[in-house]
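Only one structure is covered here, and it is reproduced in the block below.
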Amino acid sequence: MDYQFAAIEKKWQRFWADHQTFKPEDSTAKPKYYVLDMFPYPSGAGLHVGHPLGYIASDIFARYKRLKGFNVLHPMGYDSFGLPAEQYAIQTGQHPAITTEANIATYRRQLDQIGFSFDWGREVRTSSPDFYKWTQWIFMQLFNSWYNKDADKAEAIDKLVKHFEQHGSAGINAVCDEEVLTFTADEWKALDDRAKQTELLKYRLTYLRESTVNWCAALGTVLANDEVKDGFSERGGFPVEQKKMMQWSMRITAYAERLLQGLDTIDWPEPLKEMQRNWIGKSVGALVKFRISDFQFRNSDKSEIENPKSEIIEVFTTRVDTIFGTTFLVLAPEHELVTSLTTPEQKANIKAYIAQAKKKSELERMADAKTVSGAFTGSYAINPVNGEKIQIWIADYVLAGYGTGAVMAVPSGDQRDYLFAKHYNLPIIPIIDIQKIETEADPTKEGRYINSGFINGLTYKEATVAVIAKLEEMGTGKAKVNFRMRDAIFGRQRYWGEPVPVYFKEGLPYLIDEKDLPLVLPEVDKYLPTESGEPPLARASNWRYKGTEAYEHSTMPGWAGSSWYWYRYMDAHNDSEFASKKAIEYWKDVDLYIGGSEHATGHLLYSRFWNKFLKDIGLVIAEEPFKKLINQGHIQGRSNFVYRLNYTLIPKNADKFEKIEDEVNWHDDVIFKLPLIFISFEVVERIKYNSQYRTDTENFINNEYLKDELNKYEGKVLLTLKPENIVSKIHVDVNIVENDVLDFTAFTKWRPELHNAGFISDGGKYICGWEIEKMSKSKFNVVNPDDLIVRYGADTLRMYEMFLGPLEQSKPWNTNGIEGVFKFLRKFWRLFHDDAWNFIVSGEEPTKVELKSLHKIIHKVEEDVERFSFNTSVSSFMIAVNELTDLKCNKRAVLQNLVIILSPYAPHICEELWVLLGNEPGTLSLAPYPKFNPAYLVEDEFAYPISINGKTKINLNIPLSFDLKETENFVLAHADMQRYLDGKSPKKVIVVKGRIVNIVL
RNA sequence: GCUCGGGUGGUGGAACUGGUAGACACGCAGGACUUAAAAUCCUGUGCCCGUCAAAGGCGUGCGGGUUCGAUUCCCGCCCCGAGUACCA
């Protein structure tokens, strides 16, 4: 039989499903290997050809590992809570669960026909109560934990309570809110429950607090920082504003240092690690207190006078060594001391500046980065190291949210301070001997200090240590590490998410009982916020804990379920634990994770955080969840275009015609009855800029092409006068274009109203233009895997996606080359068959050449797969099949091995041939990978390239048994060399055995 | 601005630690088979010069360097993509 891919693929997909071929064994004899894909959000549009790229790669790897004797876990599921289903629900009233269910069915059908080796028995869906029961459960563990800095791990909140009862707050070193109480054990015990709970909330790893959030009014929800791009929502592009709200937060900052350190222990792409490092944003520096000179509480607020907030301004700096160069202080306009510091004379100025700064949006502030602005408060501070009196300013280049919201300005070393000082005529003091500060700040760390009191003459390292020691001694500063990363907001004012397992009593949050889990999402009449602005869950009638207490009305953010889902796959049906101890001990962590880099600072950071927490409380074993990670590149769209010729009609007898506008009315109702004319890509430029060509085309249209139509209207065609207007570029569906050639029949079917359109081209073929764009419906460049599978089969699609280029590289999708891969598979099939398609395989002993071909590919594929270079192994398969075809090799001893090594790439065709070869059906997936024997690759001779002065001239076959000198003599004595040597004797001869001979003349 | 990728034929890409640049495939051109089409097969295909051929010259973004030899290493620059941004 000919290669009947459709039947073969269907047959084996059913076989795998029926026999649960890819279910990992429970016995633990084999080593485990866990291959994970980032599970998809099931969107309504279904899969396009870019989605499976990573899945195909991970599937090849999973199948390869099975052949290599590993017990492979390779699961799949759905991240099925999300905004699109909810938006659709708001528009149509349909429950998001129904939409989601339908979308999942589509995804499943599409995934199934690609032939993945997933163990579907372990499927998870984040929106299913069986699953989110455990997401809620983990939330409860976080609520019941605090971070003990001394132990450097999370601990049970009960332990903290016990400490409070015995020792009060003394001796606690926790990651917590800024304003915690100090109390003795007795004072603690005297507190009522409400006060105790209020205090404990400041320590819990998930906690409520008033936070400034990114509020998106159009979406009716709060967004995480990584969901906001340039002041607009990433999804939908709606404006986002800053708003204060009570919000659940996750104390991820407690793990900042461990998240940073952990990066050095995992095998991830360097750019991705770098993104996480930047996001965490560690800076090592110092806090320094500046006393305010003559602080006198200038505002009239009595309470502040009685209970002054502070007489000092604390700043954070990473260059404490430059402290002697401090010539002024700058506070963020929002800084709490600004009002008190402002003198009556400066009040109007400061007020105006603050108002102006407030008005500026995030976006403007960014665009404005270069302009210097600020205002003097009228107050002064004292530099602790030299007693200098310096001015205190406010400016919006200092951010309230970072460090202490105040900086010591060192204009000689910091460019922003430098510009500010120049602009407002403030002093600039050089502090390092080699500093060059005529035109800009010089942040050098080289050289020795000057103008710097007790550190004069020291180096950077010495000075930093000396200054910190001195400040600590004076009690006016200390070393301090600062992080850019903020605690993560953990609430969305949306319906389609996990309910938070919390109810409120007297305004304080309490966890519901564990046995009441899952807290199921209630039904609501509408998926919109209430009239009073409450989240949609407030609409649920009678939705109260134990019938009385109000539940939390916000739901968890999109990243909640995905922050731990890989553990659920280990034991997907357990209803007493999120995964059994046994399963976690065996599978431990993910060995290979494949997905897109867009999750760098979202999912991948939160997952690491939850994993570390789960480890701290003893539920999991690994410190890091994903040992090795690969980012597959994005598949971009490749759009095709046709070029419509823009013409106008003029009366037949008009010779000259310049003012087309005047005649628009005349031809308007006529022109649309005339067929559209499209010109082929290669004539576009010519018709624009070659007036002779244009005239010829015009004549052609008038006298031949549209002769009859034009006679009817007594008009003639005139091509638009301006070259840039002569054609309009129009997207055409890439699916009716092959190798950039337009299929006319398909075109008329696609656009029936254009059945009489005309095409002008050079060689009868209409060549389309192309451009790389995002893949999207509106650009008609979406390629659907279903269509390709119908036409070429899944095996071809799988191999072609890999053949496209390196996995990690982004690339445009182009179906042009797919024929080559299809031809390859047919050629492979033909190796096993005679001309009449009878299956014929011989039992003869293979020849040396045949074995060489085989072992070359065994080795090459092994190497390629291990370094995820799938594109090169596809080429190697082609080479091997080409060689074996030339050798007319149909020997079982060769072909059976070839079937095994090709099977991860093209599993269906290989299963079929495996059975035709007489093997038990379904055993291919666990067959042993053939053993590479280097002996078959040993050569007696090598065709040395002989180069003269580094330029290759000829090739000579030389026995590899020759040593260097023998080889050199052989080359120099060879007749073909005489022409090049021309009687001269070479200055030098370099012989690299088995590689090259280079002669220097 | 900073950080990280990347620039190789008409196209996608290959060349693993410095050793024959352009593997493999697409496309294109020519040919075979066929009534025809599809399928299949064969030949050629980096550019320039050359009637075929031979021979030669130029070629991995640009300019320099190290080396017997550089797509690969070093220095300087240009361009494209991604991330990030007044982080003190």
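The sequence lines fix the lettering, A, B, ..., with proteins before strands; numbering per chain opens at 1.
Nearest to the side-chain atoms of Glu274(A) among the listed nucleotides U3(B), A14(B), C68(B) stands U3(B). Out of G19(B), A88(B), C86(B), the shortest distance to the side chain of Arg995(A) is found at G19(B). Residue Ile996(A) has its side chain nearest to G19(B) when only G13(B), C86(B), G19(B) are considered. The side chain of Arg830(A) has U40(B) as its nearest neighbour among G19(B), G56(B), U40(B). Minimum atom distance to the side chain of Lys953(A) is reached by G56(B), of the listed A23(B), G56(B), C68(B). Taking only side-chain atoms of Asp396(A), from C-beta outward, the nucleotide of C86(B), G69(B), A14(B) with the closest atom is C86(B). Of the candidates A39(B), U84(B), A21(B), the closest approach to any side-chain atom of Thr952(A) belongs to A21(B). Set against G19(B), A15(B), U20(B), the side chain of Arg867(A) has A15(B) as its closest nucleotide.
Across all strands shown, Asn871(A) has heavy atoms under 4.0 Å from sugar-phosphate atoms exclusively, and none from any base. Counting non-hydrogen atoms under 4.0 angstrom, Arg826(A) reaches the backbone sugars and phosphates but no base. Among the atoms of the strands shown, none is found under 4.0 Å from any heavy atom of Gln415(A). Among the heavy atoms of the strands lying under 4.0 Å from Leu804(A) are primed sugar atoms or P, OP1, OP2 only; no base atom is included. Using a 4.0 Å heavy-atom cutoff across all strands shown, Pro269(A) reaches no nucleic acid atom at all. Counting non-hydrogen atoms under 4.0 angstrom, Val992(A) reaches a base of the nucleic acid.
Syn is the glycosidic conformation of G9(B), whose angle stays within 90° of 0.
Positionally, the nearest nucleotide of RNA chain B for Pro945(A) lies more toward the 5' end than for the other of Pro945(A) and Lys951(A). When each of Phe316(A) and Asp886(A) is assigned the nucleotide of RNA chain B with its nearest heavy atom, Asp886(A) is the one assigned upstream, toward the 5' end.
C73(B) and G19(B) have their P atoms separated by 11 Å, given to the nearest Å. Only the C1' atoms considered, G63(B) is 15 Å distant from C79(B), to the nearest whole Å. The C1' atoms of G6(B) and U60(B) are separated by 14 Å, rounded to the nearest whole Å. The gap from the P atom of C26(B) to that of C42(B) amounts to 12 Å, rounded to the nearest Å. To the nearest whole angstrom, the two C1' atoms, one in A70(B) and one in C75(B), are 15 Å apart. Comparing A88(B) with G9(B), their P atoms sit 42 Å apart, to the nearest whole Å. Look at the P atom in both A37(B) and U51(B): the space between them is 37 Å, to the nearest Å.
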> Can you give one letter per nucleotide of nucleotides 25-30 of chain B, going 5' to 3': B for a protein heavy atom under 4.0 Å from the base, S for sugar-phosphate only, - for none?
Replying inline: SSSS--
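In this structure a side-chain-to-backbone donor-acceptor pair under 3.5 Å is missing from Tyr3(A) to Phe828(A).
Put simply, OH on Tyr3(A) is 16 Å from C1' on A39(B), counting in whole angstrom units. The distance between atom CG of Asp740(A) and atom C1' of G12(B), rounded to the nearest whole Å, is 13 Å. Note: NZ (Lys987(A)) to P (G69(B)) measures 11 Å, nearest angstrom. Put simply, CE on Met802(A) is 13 Å from P on A14(B), counting in whole angstrom units. Here G10(B) presents its C1' atom at 12 Å from CD1 of Ile767(A), a figure rounded to the nearest Å. Taking atom CD1 of residue Ile772(A) and atom P of nucleotide G7(B), one finds them 17 Å apart after rounding to whole Å. Atom CZ in Phe877(A) sits roughly 17 Å away from atom C1' in A14(B) (whole-Å rounding). Rounded to an integer number of Å, the gap from CZ of Phe822(A) to P of A38(B) is 16 Å.
To the nearest 0.5 Å, the span separating CD on Gln632(A) from CD1 on Ile630(A) amounts to 10.0 Å. Asn969(A) contributes atom CG, which lies 13.5 Å from atom NE2 of His974(A) (distance to the nearest 0.5 angstrom).
The aromatic rings of Tyr944(A) and Phe942(A) sit perpendicular, their planes meeting at an angle over 60°, well past the 30° parallel limit. Under the 30°/60° scheme for interplanar angles, the aromatic rings of Phe824(A) and Phe877(A) are found to be tilted. Relative ring orientation between Tyr792(A) and Phe822(A) is described as perpendicular, the plane-to-plane angle rising above 60° on a 0-90° scale split at 30° and 60°. Between His855(A) and Phe932(A), the two ring planes are tilted [angle within 30° to 60°]. Classification of the Trp829(A)-His833(A) ring pair by plane angle, with boundaries at 30° and 60°, yields parallel.
Within the 4.0 Å cut-off from OP1 or OP2 of G12(B), not a single side-chain nitrogen or oxygen of Lys811(A) is found. The phosphate of A88(B) (OP1 or OP2) has no side-chain N or O of Tyr397(A) nearer than 4.0 angstrom. Contact annotation: Ser283(A) reaches the phosphate of A88(B) (side-chain N/O to OP1 or OP2, under 4.0 Å).
Checked against side chain to side chain donor-acceptor pair (under 3.5 Å), Glu941(A) has no partners two or more places apart in sequence or in another chain.
A 3.5 Å limit on both hydrogen-bonding distances identifies no Watson-Crick or G-U partner for C52(B). For U67(B), there is no paired nucleotide, since no Watson-Crick or G-U wobble pair has both relevant distances below 3.5 Å. Using the Watson-Crick or G-U wobble rule with both distances under 3.5 Å, U45(B) pairs with G27(B). In this structure, G5(B) forms a base pair with C80(B), meeting either the Watson-Crick or the G-U wobble geometry with both donor-acceptor distances under 3.5 Å. Pairing for A39(B) is absent, with no Watson-Crick or G-U wobble pair whose two atom distances lie under 3.5 Å. Partner assigned to A15(B) is none, using Watson-Crick or G-U wobble distances below 3.5 angstrom. When both pairing distances are held under 3.5 Å, U34(B) makes no Watson-Crick or G-U pair with any nucleotide shown. In this entry A21(B) has no Watson-Crick or G-U wobble partner, no candidate having both defining distances under 3.5 Å.
The number of heavy atoms from other shown groups lying within 6.0 Å of NZ (Lys478(A)) does not exceed 12.
Between the side chains of Thr404(A) and Glu314(A), no donor N or O sits under 3.5 Å from an acceptor N or O.
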